[in-house]
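Below you'll find the structure, written out as C-alpha cells, and then a few comments.
All residue numbers refer to positions in the sequence shown, counting from 1.
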Amino acid sequence: MVDHLSVTTTTPDRNSAAQLAASAVRAKLAATAQVHGPVANFFWHLGEEGQGEEWLAVFKTTSERYPELEAHLIAEHPWENPEVTAVTLAAGSAGYLAWIERATTPNAS
C-alpha cells in the first residue's frame with residue numbers, strides 16, 4: 001500500500017518556490033504544489049540566531065515518488081542545505097488520494 005505525503009521546503013523568494021513547484025509537477029514527482037508567503041522565519045544558523053522572510057512550497061506526492069522528489073528539490077534548490085520534510089497524510093478523500101497516485105505515475109495522463 002502506498003502512503004500519501006505532504007512535503008515542504010522553504011526558499012528565499014517567490015520565484016525560487018514557484019520554479020521548484022512547477023518543475024516537480026512537470027516531472028510528475030508531485031501531483032500538486034502550492035506556494036505560500038512570505039512567511040516569517042526565526043532560526044539558528046552557524047551558531048547565531050536569525051530571522052527573515054521565506055516562501056513555503058508544499059507538495060503532495062506518494063511514498064513511491066518521494067525519493068525522487070527529495071533529490072530534485074535538493075538539486076534544484078538555491079540553498080546548500082534546504083529543508084525538505086515529509087509527513088504522511090493520515091486520511092483524505094478517496095478520490096483525492098487516487099488522483100495523487102495517478103498524477104504522479106510516470107507516463108500516465
Side-chain angles (χ1 to χ4, degrees):
M1 181 171 150
V2 66
D3 286 327
H4 302 87
L5 307 176
S6 181
V7 178
T8 60
T9 192
T10 57
T11 66
D13 54 63
R14 184 186 187 286
N15 189 50
S16 297
Q19 287 178 351
L20 289 173
S23 63
V25 170
R26 189 178 311 113
K28 294 190 158 210
L29 301 175
T32 185
Q34 297 89 27
V35 173
H36 309 268
V39 295
N41 187 26
F42 301 85
F43 54 89
W44 281 99
H45 184 63
L46 300 175
E48 295 184 13
E49 182 180 4
Q51 64 182 21
E53 286 189 346
E54 297 177 344
W55 288 77
L56 177 68
V58 181
F59 305 81
K60 300 299 187 304
T61 194
T62 64
S63 53
E64 292 174 346
R65 296 297 276 164
Y66 176 78
E68 290 176 85
L69 175 60
E70 178 187 280
H72 174 81
L73 294 175
I74 291 170
E76 299 299 320
H77 204 286
W79 290 336
E80 183 178 322
N81 186 28
E83 165 198 354
V84 180
T85 58
V87 295
T88 302
L89 300 176
S93 65
Y96 182 75
L97 298 179
W99 170 74
I100 291 173
E101 292 175 32
R102 285 191 312 274
T104 57
T105 300
N107 303 317
S109 301

Legend entry - Gap between atom OG1 of Thr105 and atom CZ of Arg65 - 0.5 Å precision: 8.0 Å
Legend entry - For Trp79 against Glu54, the heavy-atom pair lying closest together: CH2-OE2, 3.4 Å
Legend entry - Single-linkage hydrophobic cluster Leu69~Val84, side-chain heavy atoms < 4.5 angstrom: yes
Inset, instruction - Quick one: name the residues clustered hydrophobically with Leu89, using the 4.5 Å side-chain heavy-atom rule over I, L, V, M, F, W, Y, and just say none if it's on its own. - result: Tyr96, Leu97, Trp99, Ile100
Inset, instruction - Verify, without hydrogens or angle tests, whether Thr9 (side chain) and Glu83 (backbone) share a donor-acceptor contact under 3.5 angstrom. - result: yes
Legend entry - Where Ser23 and His72 come nearest, the two heavy atoms and their spacing: OG-NE2, 2.7 Å
Inset, instruction - Over all heavy atoms of both residues, which pair between Ala31 and Thr104 is shortest? Give the atoms and the distance, please. - result: N-CG2, 3.4 Å
Inset, instruction - Please report the shortest heavy-atom distance between Phe59 and Ala24, naming the atom on each side. - result: CE2-CB, 3.8 Å
Inset, instruction - Just jot down the side chain to side chain donor-acceptor pair (under 3.5 Å) partners of Ser6, sequence neighbours excluded, or say none. - result: none
Legend entry - pair Pro12-Trp55: side-chain heavy atoms closer than 4.5 Å: no
Inset, instruction - Measure across Val25 and Ala33 and return the closest heavy-atom pair with its distance rounded to 0.1 Å. - result: CG2-N, 4.0 Å
Inset, instruction - Heavy atoms only: give me the nearest His77-Thr10 pair and the separation to one decimal. - result: NE2-O, 2.7 Å
Inset, instruction - Can you spot which of Thr85, Val58, Leu73 makes a side chain to side chain contact (heavy atoms under 4.5 Å, CB included) with Val7? - result: Leu73
Inset, instruction - Ignoring hydrogens and angles, tell me if any N or O in the side chain of Thr61 forms a donor-acceptor pair with the backbone of Leu29 under 3.5 Å. - result: yes
Legend entry - Cluster overlap Leu5 with Ile74, hydrophobic side-chain contacts below 4.5 Å: yes
Inset, instruction - Supply the atom-to-atom distance Arg14 CZ to His36 NE2, rounded to the nearest 0.5 angstrom. - result: 11.5 Å
